[in-house]
Amino acid sequence: MKTFLLLLLSLAVAFVTPVSAQTSETVIRMGDKLVIKIASVPAEDSASINNEYPVANDGTVRLPYLGNIAIKAVGRTPSELSLQIETAYKNAKIYSNPTI
């Protein structure tokens, strides 16, 4: 009986640990350098955007073609920031379907 309970507990830990590890994403901080790559845009634009960008002291990142639009990066996860960048390019009508 002890062996069965120990096996059951081991299985429970094995199934719970990976799920919690997969859901935790790093949060972007001030001073971080972000490698940003864009797809589904013209090749020459992709070459201009694919680069390393520092997070500014105000917590934002600025990208080519967006003009004065600064995107808040601090406190967001990479996934959240990617979605925000895609939305910024779409809303500015620069790209219709960018993928960051």
Side-chain angles (χ1 to χ4, degrees):
M1 184 66 168
K2 284 184 181 179
T3 306
F4 177 74
L5 289 175
L6 184 59
L7 178 62
L8 187 59
L9 181 60
S10 297
L11 286 174
V13 170
F15 283 111
V16 170
T17 303
V19 171
S20 62
Q22 290 174 0
T23 59
S24 64
E25 229 184 315
T26 304
V27 174
I28 298 168
R29 300 172 296 172
M30 202 130 17
D32 282 351
K33 292 183 181 175
L34 308 173
V35 175
I36 296 177
K37 297 185 180 194
I38 191 167
S40 302
V41 299
E44 61 274 3
D45 290 351
S46 179
S48 297
I49 296 171
N50 293 350
N51 210 335
E52 184 176 274
Y53 297 89
V55 177
N57 289 336
D58 64 356
T60 64
V61 64
R62 293 184 182 273
L63 298 168
Y65 310 125
L66 290 176
N68 293 330
I69 298 172
I71 299 171
K72 181 183 177 235
V74 168
R76 292 192 169 147
T77 64
S79 297
E80 292 169 336
L81 182 60
S82 295
L83 182 59
Q84 187 67 30
I85 293 170
E86 289 171 4
T87 301
Y89 278 117
K90 287 177 188 175
N91 288 345
K93 297 186 182 349
I94 297 170
Y95 303 120
S96 59
N97 196 25
T99 303
I100 304 296

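Within the 3.5 Å criterion, the main-chain N or O of Ile38 finds a donor-acceptor partner in the side chain of Asn50. Within the 3.5 Å criterion, the main-chain N or O of Pro78 finds a donor-acceptor partner in the side chain of Ser82.
Within the 4.5 Å cutoff, the side chain of Lys90 has no heavy atoms near those of the Ser96 side chain.
Using a 4.5 Å cut-off between side-chain heavy atoms of Ile, Leu, Val, Met, Phe, Trp and Tyr, with links allowed through other members, Val61 and Met30 fall into the same hydrophobic cluster. Linking Ile, Leu, Val, Met, Phe, Trp and Tyr whenever their side-chain heavy atoms come within less than 4.5 Å puts Ile100 and Ile69 in one cluster.
Taking the side chain to side chain contact (heavy atoms under 4.5 Å, CB included) definition, one finds that Ala70 meets it with Thr60, Arg62, sequence neighbours left out. Under the ring pair (Phe, Tyr, Trp, His ring centres under 6.0 Å) criterion, Tyr53 pairs with no residue at all, not counting sequence neighbours. Under the side chain to side chain contact (heavy atoms under 4.5 Å, CB included) criterion, Lys72 pairs with Arg76, sequence neighbours left out. Applying the side chain to side chain contact (heavy atoms under 4.5 Å, CB included) rule to Ser79 yields the partners Glu25, Thr77; only residues at least two apart in sequence or on another chain are considered. Residues satisfying the side chain to side chain donor-acceptor pair (under 3.5 Å) test with Ser40, not counting sequence neighbours, are none. Shown here are the side chain to side chain contact (heavy atoms under 4.5 Å, CB included) partners of Ile94, two or more places apart in sequence or in another chain: Tyr65, Leu66, Tyr89, Ala92.
For residues 31-58, every residue pair satisfying the salt bridge (Lys or Arg N to Asp or Glu O under 4.0 Å) rule, not counting sequence neighbours, is listed here: Arg29-Asp32.
The nearest pair of heavy atoms linking Ile28 to Ala73 is CB-O, 3.4 Å.
Expressed to the nearest 0.5 Å, how far CD1 of Ile36 lies from CG of Leu63 amounts to 4.5 Å.
Residue Val35 belongs to no hydrophobic cluster, having no ILVMFWY side-chain heavy atom closer than 4.5 Å to its own.
Using a 3.5 Å distance cut-off with no hydrogens or angles, the side chains of Thr87 and Asn91 do not pair a donor with an acceptor.
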